[in-house]
There are 2 protein chains.
Amino acid sequence: MGHESESVVVELGAVAVTVSDQSPRFLVRQEGSLKAAQARFVRRGFDVAGDALPSGQFDPEEHRTLEIGLRAFVYQQTGVRLGYVEQLYTFGDRGRHPVEREGGHRVLSVGYLALSDMSDGQSPSGANWKSMYAHFPWEDWRQGAPQVVAEEIVPALKAWAKQSSDSDDQELRLGRMRGCFGQEAAVWDEEKVLERYELLYEAGLVAEARRDGSGLDHSASAHVLAEKLGLPMMSDHRRILATAMGRLRSKLKYRPVVFELMSPTFTLLELQRTVEAVSGVRVHKQNFRRLVERAGLVEATGAVLNQTGGRPAAEFRYRPEVVHELVAPGVRVSSPRKFS
Amino acid sequence: MGHESESVVVELGAVAVTVSDQSPRFLVRQEGSLKAAQARFVRRGFDVAGDALPSGQFDPEEHRTLEIGLRAFVYQQTGVRLGYVEQLYTFGDRGRHPVEREGGHRVLSVGYLALSDMSDGQSPSGANWKSMYAHFPWEDWRQGAPQVVAEEIVPALKAWAKQSSDSDDQELRLGRMRGCFGQEAAVWDEEKVLERYELLYEAGLVAEARRDGSGLDHSASAHVLAEKLGLPMMSDHRRILATAMGRLRSKLKYRPVVFELMSPTFTLLELQRTVEAVSGVRVHKQNFRRLVERAGLVEATGAVLNQTGGRPAAEFRYRPEVVHELVAPGVRVSSPRKFS
DNA sequence: CCCCTTATGCTCAAAATGAGTATATATGGA
DNA sequence: TCCATATATACTCATTTTGAGCATAAGGGG
C-alpha cells in the first residue's frame with residue numbers, strides 16, 4: 001500500500017451548462033485563474049490550442065467529498081457557484097492526459113455535469129460561457145439538418161469507410177455513419193452525441209484526432225475539414241463535453257432537469273425554447289404545453305407577461321412537489337417517426 | 001504535485017449480475033482469493049460480518065485502463081471472466097472506507113456493473129453467486145407487495161418520521177416513505193432501489209447504519225428489524241449493489257441489455273422470467289411478446305423446445321443488428337396506472 | 001379421450017401521441 | 001379606428017401505443 005507506483009492523481013472537471021440567447025453554453029476556465037502550483041498541472045495549450053473545462057486536482061486533505069472539491073475549483077477558476085451537480089463518468093485510460101505523458105503520475109478524471117440558470121445574476125460578468133454548438137456544429141437540428149452533415153461529414157465518413165480493406169468492415173463503418181447521422185432508414189437520435197464525436201474522432205476528422213493520432217491524413221483538405229467540424233479543446237475535454245451533452249439530452253426526457261436551467265418564473269415558450277436549445281430539435285408547441293401541464297410540472301403564478309410581441313403569456317413556475325407525487329416524468333421531445 | 005497528501009488510492013469494484021433459478025444474483029469475493037498484500041487492504045470482517053464485492057486496488061503500472069484492472073480482479077477473486085461491463089459511479093466521500101479510517105490514504109471507489117450469462121458454463125463451479133433479494137427483501141414484488149414492506153418497513157419509517165422535532169420535516173419524511181415504497185397515491189417504482197436503501201439507512205434501520213452510526217437505537221427490537229431487512233455487506237458494498245440494481249432496472253427499459261443475461265438461444269418465457277427477476281415485477285405475457293417481437297429484438301431460430309410442460313415453445317435468438325437499425329428500444333415493464 | 005400445462009394469436013377499450021384548426025389578445029402602423 | 005401580424009391558448013382528430021383479457025393451439029399424463 002502507498003507504493004509510489006500505485007498512487008494516482010485524481011482530477012475533477014465540470015461541464016457546467018446554461019442556456020442563453022436560445023443557445024446552450026458551457027463554462028470554460030479563465031486565463032490566470034490558476035494558482036502557480038496548479039498552473040503547471042493544467043497549463044493551457046499544452047498540446048493544442050483550445051479552451052479547457054474548469055478542473056483541478058482533488059485534494060483529500062481539503063475536500064471531504066469529490067463534489068465539494070469540484071465546486072471549489074469551478075468557483076476559483078470561473079467565479080461561478082454551481083447549483084445542480086451530477087457525476088458523469090470517470091475517465092482513466094492511460095495516455096489520455098498530457099501530464100502523465102510527461103512522466104508524472106497516472107491521472108484519473110472524474111467528470112461532472114452541472115446546470116445553472118444564467119438569468120438570476122449568479123454568473124459574474126467575467127464568467128466565460130462558450131457556445132456548445134460552436135464545438136459541435138452537427139448537433140443543432142433546430143433549423144433542420146445542418147449543412148455540415150450532408151456536405152462535409154457524410155462524404156468524409158463514406159470516404160473513410162472505403163479506406164478499410166475489409167469489406168465487412170466497410171459495411172460496418174457505413175452502418176455506424178447512418179446510425180449516428182440519421183441517414184437513409186435511420187432517424188436522427190439527438191442523444192447519440194458521444195457516439196457521433198467518437199466516430200468523427202476515429203475517422204480522424206476532428207482536430208483532436210489529428211493532434212493525438214499518428215499516421216493520419218495530413219493534407220491541407222483534411223485540415224480545412226477539421227476546422228469546419230467545430231472548435232477543438234484541450235486534452236480530451238471535447239469528449240467529456242460530448243458525454244455531458246448526451247447525458248443531459250437523455251435526462252431531459254425522464255427527469256424534470258430543464259428547470260435547473262430556467263429562472264424561477266418563465267413562460268411556456270421560454271421553457272420550450274430551452275428544451276429545444278439543449279436537445280437541438282424543434283418541438284410541437286401545442287403538444288409541448290399539453291405534456292408539461294398534464295404532467296403537473298408547472299403551475300401558473302397568475303401574472304401575465306406582455307413583452308412577447310403577441311398575446312401576453314401566462315407566467316409559470318416549476319412545481320418541485322411533482323417529484324414526490326407519482327412518477328416524475330421529464331419533458332419528452334418526440335423524434336419524427338419513420339416507420340411504415 | 002505528487003505530495004503524499006494529494007495522492008489517492010483507487011479501488012475498482014464490480015457488481016456482476018446474473019439470473020439463475022428466476023433469481024437475480026451477484027458475485028461475491030471468495031475467501032482466500034487475495035494475495036497477502038491485498039488481504040490487509042480488503043480484509044473481510046473489518047467492521048461488519050458480510051460478503052464483499054470483488055474488488056482491488058487499481059495499479060496504474062499494470063492496468064492500461066480501469067476496466068482491464070477490474071476484469072483482472074474479478075477473475076482472480078472469483079474465477080469469472082466478465083463479458084458486458086459498464087461503469088456505474090465513483091464513490092469518494094471521506095470516511096466511507098475502512099482502510100482510510102485506520103489512517104491510510106484516501107480511498108476512491110469506482111464501481112462497475114457487469115452482466116453475465118450463467119448458462120454457458122462461463123462461471124466456474126467455485127464462483128460464489130448470492131441472491132440479490134436476500135440483501136434487498138423489499139425489492140421483490142413479483143408475488144405482490146412483500147410482507148416486510150407493510151409489516152416492518154412502513155411502520156418503522158412512520159415511527160422514524162415522528163421522531164423529528166420539526167413538523168415540516170415529519171411531513172417530508174412521510175413523503176419520502178410514500179414515494180419510495182409506493183404507499184397511498186404513489187405507485188411502486190422499481191427503479192428507486194438506491195433511494196429506498198438510502199432512506200432505510202438514514203432512518204437507521206439497516207444493519208450497516210447501526211454499524212456506522214452513532215447515537216442510534218440500540219434496542220433489541222431494532223436489531224431484530226435490521227435482520228429482517230436483508231443481509232448486510234462489508235463497507236458500503238450494499239449501497240453500491242443498490243446503485244447497480246437501480247441502474248440495471250432502468251437500463252432494461254431503453255437498451256437491450258437483458259440479452260447479456262441470456263444464453264444464446266431462449267424461449268420468450270425464459271426471456272420474460274429474466275426480465276421479471278431483475279425488475280422484480282410481473283409483466284403481461286402476451287403484451288411482452290408483442291413488445292419484444294414488434295421491436296425486432298429477437299428472431300426465431302426455427303427450433304422448437306418441448307420440455308416446457310405444455311405446448312412446445314419456439315426458440316429465439318437475439319438480433320444484435322437491431323441496435324444499428326433505427327432506435328434501439330429496451331424491454332419496458334409497465335407499472336400499473338393509478339391516474340384518474 | 002379428458003385434463004393439465006404452456007404457447008401463441010387476436011380483440012378491444014383506454015391513453016398517449018403527432019399534427020392540425022380555431023380563437024384570443026397583445027403590438028404597431030395605415 | 002381598423003388591420004396586419006405576432007404570439008398564446010383551446011380544442012379536435014386520426015393514429016399509435018398500452019393494458020388487459022379471451023380464444024385457440026399443441027404438447028404430456030392419466
Side-chain angles (χ1 to χ4, degrees), chain A residues 22 187-188 190 253-254 265-276 279 281-316 326-327 329-340, chain B residues 22 141 144 187-188 190 253-254 265-276 279 281-316 326-327 329-340:
Chain A
Q22 321 244 327
V187 83
W188 175 257
E190 74 278 353
K253 294 182 192 162
Y254 62 96
T265 63
F266 45 82
T267 69
L268 291 185
L269 186 59
E270 285 166 353
L271 185 66
Q272 181 186 341
R273 293 291 180 230
T274 304
V275 168
E276 290 175 338
S279 66
V281 297
R282 287 216 161 285
V283 307
H284 184 282
K285 185 195 263 200
Q286 294 91 325
N287 292 345
F288 178 79
R289 38 167 68 240
R290 176 175 65 187
L291 179 73
V292 165
E293 293 194 277
R294 194 170 43 88
L297 291 169
V298 299
E299 64 192 354
T301 64
V304 206
L305 305 173
N306 51 359
Q307 60 275 34
T308 53
R311 172 174 168 177
E315 189 185 64
F316 287 84
L326 301 152
V327 194
V331 189
R332 215 168 295 177
V333 305
S334 64
S335 43
R337 314 216 165 174
K338 271 206 184 175
F339 302 90
S340 73
Chain B
Q22 321 244 325
W141 284 56
V187 84
W188 174 257
E190 75 279 352
K253 295 183 191 160
Y254 63 96
T265 63
F266 45 81
T267 69
L268 291 185
L269 186 59
E270 284 166 353
L271 186 65
Q272 182 187 338
R273 293 290 179 232
T274 304
V275 168
E276 290 175 338
S279 66
V281 297
R282 287 217 160 284
V283 307
H284 183 283
K285 186 195 262 196
Q286 294 93 325
N287 292 347
F288 178 79
R289 37 167 71 239
R290 174 175 68 188
L291 179 72
V292 165
E293 294 194 275
R294 194 170 44 88
L297 292 169
V298 298
E299 65 192 351
T301 64
V304 226
L305 305 173
N306 50 0
Q307 61 276 32
T308 52
R311 171 174 169 177
E315 188 185 66
F316 287 84
L326 301 151
V327 194
V331 190
R332 215 168 297 177
V333 306
S334 65
S335 43
R337 311 209 170 181
K338 271 207 187 173
F339 302 90
S340 73

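We name chains A, B, ... by the order of the sequence lines, and we start the count at 1 in each one.
Residue Phe288(B) contributes atom CZ, which lies 14 Å from atom C1' of dT8(C) at whole-angstrom precision. Distance CG (Leu269(A)) to P (dA6(D)): 15 Å, rounded to an integer number of Å. Following rounding to the nearest Å, Arg294(A) (CZ) and dA16(C) (P) show an atom-to-atom distance of 5 Å. Summarising the geometry, the separation between CD on Gln272(B) and P on dT8(C) is reported as 12 Å, rounded to the nearest angstrom. Distance Leu291(B) CG to dG9(C) P: 16 Å, rounded to the nearest Å. Distance Arg289(A) CZ to dA10(D) P: 6 Å, rounded to the nearest Å. Rounded to whole Å, atom P of dC11(D) lies 16 Å from atom NE2 of His284(A). Atom CG of Leu271(A) and atom P of dT7(D) are 17 Å apart (whole Å).
Here the closest non-hydrogen pair linking Gln272(A) and Val283(A) is NE2-O, 3.2 Å.
The nearest heavy atom of DNA chain C to Gly310(A) and to Val304(B) marks one nucleotide each, and the one closer to the 5' end goes with Val304(B). Where Ala314(A) and Gly309(B) each meet DNA chain D at their nearest nucleotide, the meeting point lying more 5' is that of Ala314(A). When each of Arg311(B) and Asn287(A) is assigned the nucleotide of DNA chain D with its nearest heavy atom, Asn287(A) is the one assigned upstream, toward the 5' end.
Among the heavy atoms of the strands, none lies under 4.0 Å from Leu268(A).
A distance-only check finds a donor-acceptor pair linking the side chain of Thr301(A) to the backbone of Glu315(A) [under 3.5 Å].
For dA7(C), one of the phosphate oxygens OP1 or OP2 lies less than 4.0 angstrom from a side-chain nitrogen or oxygen of Lys285(B).
For a distance-only test at 3.5 Å, the side chain of Arg290(B) fails to qualify as a donor-acceptor partner of the base of dG9(C). For Gln286(A) against dT21(C), a side-chain N or O and a base N or O form a donor-acceptor pair under 3.5 Å.
Inspection of the Ser279(B) and Glu190(B) side chains reveals no N or O donor paired with an N or O acceptor under 3.5 Å.
Between Arg282(A) and Arg273(A), the closest side-chain pair of non-hydrogen atoms falls below 4.5 Å. Annotation: side chain of Phe266(A) is not in contact with side chain of Thr274(A) (no heavy-atom distance under 4.5 Å).
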